[in-house]
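A short write-up of the structure that comes next.
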Amino acid sequence: GDVTDAAHRGQIADAARRLGGLDAVFNNAGALGPSPQPELLHYPLDVLEAVYRANVIAPLGVLQAVHFALKPDARVINVTSDAGAEAYPTWGGYGSSKAALEHLSAIFAEENPQLRVYAVDPGDMRTQMHQEAFPDEDISDRPLPEASVPGFIRLLTDDLPGGRYKVHEIGQPPAPQAWLNVVVQVRDVGESLKLFRDALGMTIEEEWTETGHGVLLTAGRATLEIGDEEQVAEVDRVEVGQRAPTRIRLAISVPDVEAAADALIAHGAQPLGDTVMTPWGQRNRRVITADGTQITLFQVVTDTITDAVTEDAG
């Protein structure tokens with residue numbers, strides 16, 4: 001069909017009615033205009049009008065036709081282009097139409113706050129339209145359209161706020177941020193709390209008293225873990241199988257304990273034990289560097305399992 005045709009938009013609306021409503025509207029159809037692209041002083045005005053009918057008027061026409069079928073919190077994805085945000089010579093027709101679509105999307109979002117409205121730039125792709133835009137160039141180095149799919153899926157499924165997006169920047173969820181946990185053995189946890197909690201304003205995130213006494217204090221993005229002799233000895237027993245005396249040990253979260261340990265060992269570190277599954281739900285491995293610094297590499301297994309279940313459910 002042709003979305004510039006009101007009759008076809010009516011057929012789309014009838015299909016939406018038969019489906020029982022819409023979770024999303026994806027306005028992807030568009031027109032490039034002449035090939036190769038002319039400068040604005042030489043741009044045929046009748047062709048420019050046709051480009052605007054396809055790239056600006058038709059997407060709004062689709063939304064007007066199906067608005068009754070949009071479910072609460074439905075997603076509206078209007079496909080735009082970097083040419084709508086950047087001024088490229090000879091792209092005046094297509095680029096200005098996409099700029100108009102972006103502004104139309106922003107106003108539509110303000111007028112319909114119950115919907116999630118996105119203007120999405122898919123980037124350069126190896127498509128017929130892109131080849132027509134560059135008729136004398138080899139575009140085989142451009143990514144295939146399917147490379148854009150993960151980003152569009154995130155817009156359809158994740159809780160991203162409305163607005164303008166570059167699809168390749170959101171193609172993968174951000175990697176979990178690792179944190180550095182400094183573990184310090186102290187003689188008296190209560191006395192140390194007076195310093196770190198009461199004097200410095202750190203807050204208690206976790207506390208353990210089953211075997212010895214340990215406290216995890218948070219200070220924004222940093223954490224300081226302090227434990228007495230008995231508690232630190234218990235961690236040594238779990239991770240190393242015996243006491244491994246040190247007053248300060250670094251504990252670093254990693255996505256893959258084995259790979260991280262291998263990398264450290266390749267740079268001169270020595271293992272203090274094999275990888276173990278801890279009672280607190282982590283895969284841990286202890287190493288010691290050439291200068292004597294002990295490092296616990298840990299991988300939070302419970303989060304990994306949760307992510308896998310969520311992905312399978314999706």
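For clarity, every value in this text was computed on a predicted model and none was experimentally measured.
Here the straight-line distance linking atom CD1 of I288 with atom CD of Q294 works out to 5.0 Å at 0.5 Å rounding.
In terms of heavy atoms, G84 sits closest to K98 at CA-CB, 3.9 Å. Considering all non-hydrogen atoms of both residues, Y94 and A83 come closest at CD2-CB, 4.2 Å.
H213 and E207 share a side-chain donor-acceptor pair at under 3.5 Å. Between the side chains of E102 and T80, a donor-acceptor pair is found at a separation under 3.5 Å. Side chain to side chain, N78 and S105 meet the donor-acceptor criterion of an N or O pair below 3.5 Å.
The pair K194-D198 does not count as a salt bridge, with every side-chain nitrogen at least 4.0 angstrom from each carboxylate oxygen. Between E225 and R249, no side-chain nitrogen of the basic residue sits less than 4.0 Å from a carboxylate oxygen of the acidic one, so the salt-bridge criterion is not met.
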Just distance, no hydrogens or angles: give the donor-acceptor pairs under 3.5 Å from side chains in residues 55-73, sequence neighbours left out.
unit_1	atom_1	unit_2	atom_2	d
N55	OD1	A31	N	2.7
N55	ND2	A31	O	2.9
N55	ND2	S97	OG	3.0
H67	ND1	Q64	O	2.7
D73	OD1	R116	NE	3.4
D73	OD1	R116	NH2	3.3
D73	OD2	R116	NH2	3.3

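The side-chain tip of R142 points at the ring of F134 from less than 6.0 angstrom away and within 45° of straight on.
Atom CD of E110 has 12 or fewer heavy atoms from other residues, nucleotides or ligands within 6.0 Å. Shown here is Q128, whose CD atom has no more than 12 heavy atoms of other residues, nucleotides or ligands within 6.0 Å. A 6.0 Å sphere centred on CG of D274 holds no more than 12 heavy atoms belonging to other residues, nucleotides or ligands.
Both I170 and V120 belong to a single network of hydrophobic side chains, linked directly or stepwise wherever heavy atoms of I, L, V, M, F, W or Y lie under 4.5 Å apart. Grouping the Ile, Leu, Val, Met, Phe, Trp and Tyr side chains by contacts below 4.5 angstrom, directly or via other members, places L19 apart from I12.
Each salt bridge (charged side-chain N to carboxylate O under 4.0 Å, His left out) pair with one or both residues in residues 28-42, not counting sequence neighbours, would appear here, but there are none.
In this structure, the side chains of L160 and R154 come closer than 4.5 Å at one or more pairs of heavy atoms. A heavy-atom distance below 4.5 Å is not found between the side chains of N28 and I77. Residues D236 and R286 are in side-chain contact: their nearest non-hydrogen atoms beyond the backbone lie under 4.5 Å apart.
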